[in-house]
Amino acid sequence: MKYIDEFQDPDLARRLLDDIHSTVTRPWALMEVCGGQTHTIIRHGIDQLLPEQVELIHGPGCPVCVTPLEVIDKALEIASRPGVIFCSFGDMLRVPGTGRDLFQVRGAGGDVRVVYSPLDALRIAQQNPDREVVFFGIGFETTAPPNAMTVYQARRLGIRNFSLLVSHVRVPPAIEAIMQSPNCRVQGFLAAGHVCSVMGVEEYPELAERFRVPIVVTGFEPLDILEGVRRTVAQLERGEHTVDNAYPRAVRPEGNAAARAMLEDVFEVTDRAWRGIGVIPDSGWRLSAKYRDHDAEHRFSVEGIQTREPAECRSGEVLQGLLKPHECEAFGTLCTPRTPLGATMVSSEGACAAYYLYRRLELTPAPREASPVV
Amino acid sequence: MCLAVPGRVLDIEERDGTRMANVDFGGVVKEVCLEYLPDLQVGEYAIVHVGFALQRLDEESAKQTLELFATLGMLQEEFGDPWEMAAEAGGTLPPEEEGARR
Ligand code: SF4
């Protein structure tokens with residue numbers, strides 16, 4: 001457990017906490033959408049510094065975690081083919097597919113390369129005209145514009161041996177799905193700051209109104225989270241449900257217009273399956289018809305893949321905020337970062353990994369004799 | 001990957017018809033595409049995600065964030081060797097655990 005003197009500005013943290021403590025009169029459940037926020041919360045013990053009445057529920061905002069197993073398996077299949085250079089961000093290397101991961105594909109001779117930026121993958125394609133270069137395009141509204149720009153550039157420069165395996169996801173439909181779930185306990189949202197840096201806040205007022213839920217745009221540093229919680233609780237106590245921006249240094253109401261225009265040109269909205277959760281309507285992007293030549297699924301036939309999720313893994317419930325990681329029977333026993341059963345234990349933004357890294361010694365996993373999870 | 005890091009623009013050049021910059025992230029210099037913030041100037045700070053500048057940031061907030069990330073080891077996570085990190089995380093399973101994976 002961490003202490004408040006480890007905050008960057010302990011006095012300010014103390015004042016924000018005091019304010020929250022003196023405002024709250026009854027229990028509230030808030031969901032932080034972004035996996036980066038989950039890590040900050042657990043790393044700094046913010047949930048333990050808050051009044052008992054304020055519960056933080058961890059949301060589905062980890063791009064690595066929500067990428068469906070089928071897409072991971074398609075990536076593994078494409079990466080294993082001769083003549084292919086498969087490029088990915090580093091945190092996808094250890095995400096378990098059905099029986100293996102990208103790290104193991106490379107060990108078996110696949111040409112898997114890690115890039116810092118999708119433009120690096122495009123450069124690799126330029127330098128290897130006789131090879132097929134595929135980039136693994138996953139992520140939320142923050143990662144989608146860079147990938148969109150890369151495909152746009154490939155087309156503009158006539159680089160034909162470059163394609164994108166796309167599995168992009170969008171936050172607002174996920175919020176909608178969470179609010180519509182019969183088990184939903186969420187009363188307020190800390191919206192993901194960097195997603196809003198790109199998209200602005202225009203998509204949120206309708207959601208806040210329809211579900212009568214405050215949505216506060218929140219950054220992911222410790223003080224940002226406290227400020228987001230403070231503003232959300234204040235609204236709830238006053239019976240309000242508006243959209244508020246607690247991260248103005250990085251979020252303009254209109255977002256980034258150039259990035260949004262590029263997204264609209266390169267992608268089109270589609271239904272998308274979220275790992276562990278299932279299909280959420282309109283919750284993803286795929287390449288639009290104009291860019292079909294650069295769609296890896298179109299270029300490589302990867303149909304008919306048989307996926308197999310480990311039966312013990314309850315990451316779907318974790319991602320929806322229905323279960324805390326340590327309540328999973330496999331947590332810390334069968335499932336650790338070295339032997340992950342689910343992506344939520346692998347990803348640096350996954351909730352299970354956060355609990356394992358920062359809380360393991362304080363938590364006891366569920367007893368082994370408990371009835372098995374179906 | 002989801003981490004967006006503030007950095008300072010060192011120099012700007014046009015490459016293949018695209019505005020690119022060298023950006024300093026508390027000591028690590030990376031190439032960054034400025035197409036989404038076309039009027040960003042040398043010396044200014046921006047939030048950079050996977051090699052793209054996405055939003056301007058004032059100098060003070062940028063420096064504070066970088067300092068915090070450095071203390072928490074997050075810059076190492078973002079810019080360190082991903083293969084090494086993946087191997088450390090357990091690239092191959094000890095044989096007795098191989099069965100547990102299923
Ligand atoms: S602890 Fe492991 S098995 Fe349990 S939900 Fe998390 S990733 Fe899945």
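Throughout, protein chains are lettered first and strands after them, A, B, ... in sequence-line order, and every chain is numbered starting at 1.
When heavy atoms are compared at a cutoff of 4.5 Å, B:Asp58 approaches chain A solely by way of its side chain, counted from C-beta outward. The part of B:Ile47 that comes within reach of chain A is its side chain, from C-beta onward, which places non-hydrogen atoms under 4.5 angstrom from that chain.
The CZ atom of A:Arg113 sits 6.5 Å away from atom SG of A:Cys87, with the distance rounded to the nearest 0.5 Å.
Summarising the local packing, OH of A:Tyr116 is surrounded by more than 12 heavy atoms from other residues, nucleotides or ligands at distances under 6.0 Å. When the shell of 6.0 Å around CD of A:Gln306 is examined, it contains 12 or fewer heavy atoms from other residues, nucleotides or ligands. Surrounding CD of A:Gln126 are more than 12 heavy atoms belonging to other residues, nucleotides or ligands, all under 6.0 Å away.
The pair B:Glu60-A:Arg249 does not meet the salt-bridge criterion, since no charged nitrogen lies less than 4.0 angstrom from a carboxylate oxygen.
Residues of residues 32-42 of chain B placed with any heavy atom under 4.5 Å of a heavy atom in chain A are listed by number as B:Cys33, B:Glu35, B:Tyr36, B:Leu37. The contact list for residues 19-30 of chain B toward chain A, using heavy atoms and a distance under 4.5 Å, reads B:Met20, B:Phe25, B:Lys30 by residue number.
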With ring pair (Phe, Tyr, Trp, His ring centres under 6.0 Å) as the criterion, how do A:His194 and A:Phe220 come out once you've worked through the C-alpha distance, each side chain's angles and the decisive distance to 0.1 Å?
CA-CA 9 Å; A:His194 289 149; A:Phe220 58 95; 4.7 Å; yes
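Contact annotation: the side chain of A:Arg252 approaches that of B:Gln55 to within less than 4.5 Å [non-hydrogen atoms, C-beta and beyond]. In this structure, the side chains of A:Cys34 and A:Phe140 stay at 4.5 Å or more apart for every pair of heavy atoms. Contact check for A:Thr336 versus A:Phe331: no side-chain heavy atoms found under the 4.5 Å cut-off.
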